[in-house]
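Read the structure below first, then the notes.
Just so it is clear, the model here is predicted, and its values are computed rather than measured. Naming convention: chains lettered A, B, ... in sequence-line order (proteins, then strands); numbering from 1 in each chain.
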Amino acid sequence: MDAHATPYETTVRDIGTYEDKMVTLKGWLYNKRSSGKIMFLILRDGTGIVQCVVSKGEVGEGLFSRLDKLSQESSLIVQGLVRKDPRAPGGYELAVTECEIVSEAFDDYPISLKEHGAEFLLDHRHLWIRTPRQRNVLLIRSEIIKACRDFLHNEGFVNVDAPIMTPAACEGTTTLFPVEYFGEQAYLSQSGQLYNEAAIMSLGKVYCFGPTFRAEKSKTRRHLTEFWMVEPEAAFMGFEEMLRLEERMVCYIVEHILNNCEHLLREIGRDVERLKEITPPFPRLTYTEAVDLLRRKGMDISWGDDFGAPHEAAIASEYTKPVFVAHFPTQIKAFYMQPDPDNPDTVLGADLLAPEGYGEIIGGGERIHDYTLLLERIKQHNLPMEDYEWYLDLRRYGSVPHSGFGMGIERVVAWICGLEHVRETIPFPRMINRLRP
RNA sequence: UCCUCGAUAGCUCAAUGGCAGAGCAUCCGGCUGUUAACCGGAGGGUUGCAGGUUCGAGUCCUGCUCGAGGAGCCA
C-alpha cells in the first residue's frame, strides 16, 4: 500500500484490522515524547489510545516543529501507515505522514499524568473524565445499565418512568430536596416505588430507572445526594420469587461485564477472579440469624436494633458472594412492608449486601396489599392521608400481592470496578459539598 | 449534626521555632525508538483567613473557613 492511497477512516479500537494500510484517526493529544528528529504523539480518540510516530525525515521540518510545540489535549486529525511493532503499547502504531491540527489547546491543561488529589480532580471533573481510568469506569457504568435493562426486558418487564417532582415523601424517612412548584411545595423524588405499584396494575411487571435525590448530609464513600436507581416491581410476585429475581439480575450483570469489559476491568486494576465467583445461589440470613452472628463476633447489638455500616460490613465479610439479609423487625422498616405470616413481628423484606465491603446494593420486599392493614400503617406512621389516597386506591380496586426492589447503580458500579468511592462511578457526582461542575 | 485528620508554587509533597525547597507542569535549549522518556536552564510563593505567644512562627496557642476519612441515614 503506497502512502498516496486514500486513507481509511477508522478508530484506535479497530486499527489492528488495517495493518500496513493508510488510515486517518481523529482525537486528542494525550501525551507526547519527543527527541530531536523523532517524536511520539500519544493519541486518544474515545475508543482507545495509540502511539503515533513522527519522524522529521518523513514529514519535513515545518510540520515536525509545529507538532513538537503541540500542547497536551490539542485536537488532531492524523494520517499515517498502521504498523505492527512490539515496542508500541497496544502492539500497533501509526507512522504519521500528515497531521491536521484541529484546535491547539491552551498550554496550561490542569490534569497532568502525575498524581492529583480528590478535590482537585473533582473540581476538574469535566476534564478528569478524559483520563483512561475514568473513561473505563464510565464505559462499564454504561454496560451495567445496559445489562439491567436487557435483563429486565428479557424477563418481561416494561419500562415506565416515575415522576421526579413529587408532592410528598415516599417513605417519610429521609430528607428531601424541596422544589418550588408554582406556589406549592414539591420535592425531588427519592424513589419511584409507589408509582411503580400503580403501574403494575396496568402492565404486570414494570421497572423505573432514573435519578433519585436524598438531602441527607452523608459524608461517606457510599453516598451521593443524586444517584441512579433501577426499581423493578411486579404484580403477583411473592417474596421468594423476588429474591430469585434479584439473584438472577445481579449474576446477569456481572456475567455481562465479565464477557464484555474484562479488559477494561483489568486496566483499572480490578481483581476479576473475585467477580467470577458471583454465581447463584447467594447465601441468605434472616435478621435474627444475622444478629446472632454479630453477637458471636462480639458486637454490641440486640434484636430490634437496626444495622449500622459496621454491622453490614461484618456480615458481608463472612461471604465471597452477595448475601441476603431478610425478615427484619417490622418496627425498623418502611410502612408498606408486608408482615411475615409466620412471624408478624418481622417483614417480608430483604437487603442484598455486596462483598468486599461495598455494603447494601439492593433493598426490597413484598408490599402490603390489604387495604385495612395499609390504612392502619399510614396512620401509625403519621403520614398525610390526603397524599396517600391514590396509593390506597391501589388496594381498593383489585389489589394483588406484589413485590419489588431498588438497586443503586453507583454502588454496583463501585463494587464491580473495585473503586474506593462512588464519586467516580457517575459522570458528574453530586455530594453534600459538591454541586459543580 | 458529631468524631478524627488535614490546608506550603498550577499539581503532588518536603522543610528540629532560625535563609521557603524538590519532582511534575509551563517557557527556552539538546537528543532518531520513546514507554508517566531523558538531559541542561528559566520563571513561578500574602505557607487557607483573623488574632496571639516569641528576639524570631510554615512550624506553638485560640477562633474561623474549606476539604478528606468515618458515624448516623440510606441505595
A:S74-A:E104 side chain donor-acceptor pair, cut-off 3.5 Å: no

Sugar-phosphate, base or nothing in reach of A:K219, heavy atoms under 4.0 Å: base

Mutual orientation of the aromatic rings belonging to A:F335 and A:Y391 [parallel < 30°, tilted 30-60°, perpendicular > 60°]: perpendicular

Sugar-phosphate, base or nothing in reach of A:E410, heavy atoms under 4.0 Å: nothing

Sugar-phosphate only, base, or nothing, as touched by A:S34 at under 4.0 Å among non-hydrogen atoms: base

Span that lies between the P atom of B:U1 and that of B:G48, in whole angstrom: 25 Å

Touch class at under 4.0 angstrom, heavy-atom based, for A:D108 against every strand present: nothing

Touch class at under 4.0 angstrom, heavy-atom based, for A:P110 against every strand present: nothing

Electrostatic pair A:D68-A:K56, nearest N-O below 4.0 angstrom: no

Pair A:K276 + A:E262: basic N to acidic O under 4.0 Å: yes

Touch class at under 4.0 angstrom, heavy-atom based, for A:F120 against every strand present: sugar-phosphate

Sugar-phosphate, base or nothing in reach of A:E93, heavy atoms under 4.0 Å: base

Residue A:D107, side-chain atoms from C-beta onward, closest of B:G33, B:U12, B:C27: B:C27

Sugar-phosphate, base or nothing in reach of A:M407, heavy atoms under 4.0 Å: nothing

